[in-house]
Amino acid sequence: MKKFIITVVGHDTVGIIAKVCTYLAGKQVNILDISQTIVSGYFNMMMIVDAEQVADMTSMSRELEALGNEIGVMIRCQHEDIFYMMHRV
C-alpha cells in the first residue's frame, strides 16, 4: 500500500469535497480515512489515501495543486513518511 496524506485548506465553498474526491476516484485512489472541519468560514480537510494504482505521484501532486487553484483552496499531497516526520513532536 502506498499511503499519502492530502490536506485541503481554504475558504469554504460548495463542492470542495466532491471535486477532490471525484479527481481521486478518476485516478483509482482509495480514501482510507477523511476528516474535515469548518471554522469561521475556513475549510480544512485531511485525507489518508492509498495511491497504489498511481504510477507518477509527482504528476498527481501537481494536478491536485492545480485543482486547488481552480477551486480557491490549497491542496498538498505528501507521502505518509514525510508527513509524519515533519509533524512529529
Side-chain angles (χ1 to χ4, degrees):
M1 196 177 309
K2 286 177 20 182
K3 286 186 182 178
F4 287 81
I5 309 298
I6 297 174
T7 56
V8 182
V9 179
H11 289 284
D12 186 33
T13 58
V14 174
I16 296 171
I17 296 172
K19 289 175 184 170
V20 173
C21 290
T22 298
Y23 171 84
L24 294 173
K27 294 288 187 182
Q28 301 298 307
V29 173
N30 186 32
I31 299 169
L32 303 172
D33 199 359
I34 183 172
S35 172
Q36 66 93 27
T37 186
I38 301 166
V39 178
S40 296
Y42 289 96
F43 177 87
N44 184 17
M45 178 170 65
M46 180 173 151
M47 307 169 92
I48 301 172
V49 302
D50 175 10
E52 188 72 36
Q53 303 301 319
V54 178
D56 184 3
M57 285 306 300
T58 301
S59 221
M60 188 175 103
S61 291
R62 285 188 198 126
E63 290 171 3
L64 282 168
E65 189 173 337
L67 174 62
N69 289 336
E70 283 178 29
I71 60 178
V73 296
M74 183 182 348
I75 303 177
R76 295 289 178 255
C77 180
Q78 298 174 313
H79 191 278
E80 73 171 334
D81 293 341
I82 294 170
F83 182 86
Y84 289 124
M85 290 303 229
M86 288 176 55
H87 294 92
R88 71 181 186 164
V89 176

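Minimum interatomic distance between K19 and I71 (heavy atoms only, all atoms of both residues): CD-CG2, 3.4 Å. Looking at every heavy atom in both residues, M1 comes nearest to L32 through SD-CD1, 3.7 Å. Here the shortest heavy-atom pairing between V73 and V8 reads CG2-CG1, 3.6 Å.
Side-chain contact check for L24 versus M47: some heavy-atom pair is nearer than 4.5 Å. Within the 4.5 Å cutoff, side-chain heavy atoms of I5 are placed close to those of M46. Put simply, the side chain of E65 does not reach to within 4.5 Å of the side chain of I75, judged on heavy atoms. Residues L64 and Y23 have side chains in contact (heavy-atom distance under 4.5 Å, counting atoms from C-beta outward). Contact annotation: the side chain of I17 approaches that of M45 to within less than 4.5 Å [non-hydrogen atoms, C-beta and beyond].
Atoms CD1 and SG, from I6 and C21 in turn, are 9.0 Å apart once rounded to the nearest 0.5 Å. A distance of 9.5 Å separates CG of D50 from CZ of F4, quoted to the nearest 0.5 Å. For the atom pair T7 OG1 and Q78 CD, the distance stands at 6.5 Å (nearest 0.5 Å). Atom CG in N44 sits 7.0 Å away from atom OG1 in T37 (nearest 0.5 Å).
Tracing side-chain contacts under 4.5 Å through hydrophobic residues (I, L, V, M, F, W, Y), one never reaches V20 starting from I48; they form parts of separate clusters. No continuous path of hydrophobic side-chain contacts links Y42 to I38 [ILVMFWY only; heavy atoms under 4.5 Å].
E52 places a side-chain N or O within 3.5 Å of a backbone atom of K2 that can act as its donor or acceptor partner.
Aromatic ring centres of F43 and H11: separated by at least 6.0 Å.
Under a cut-off of 6.0 angstrom, the local environment of CE in M74 is sparse, with at most 12 non-hydrogen atoms contributed by other residues, nucleotides or ligands.
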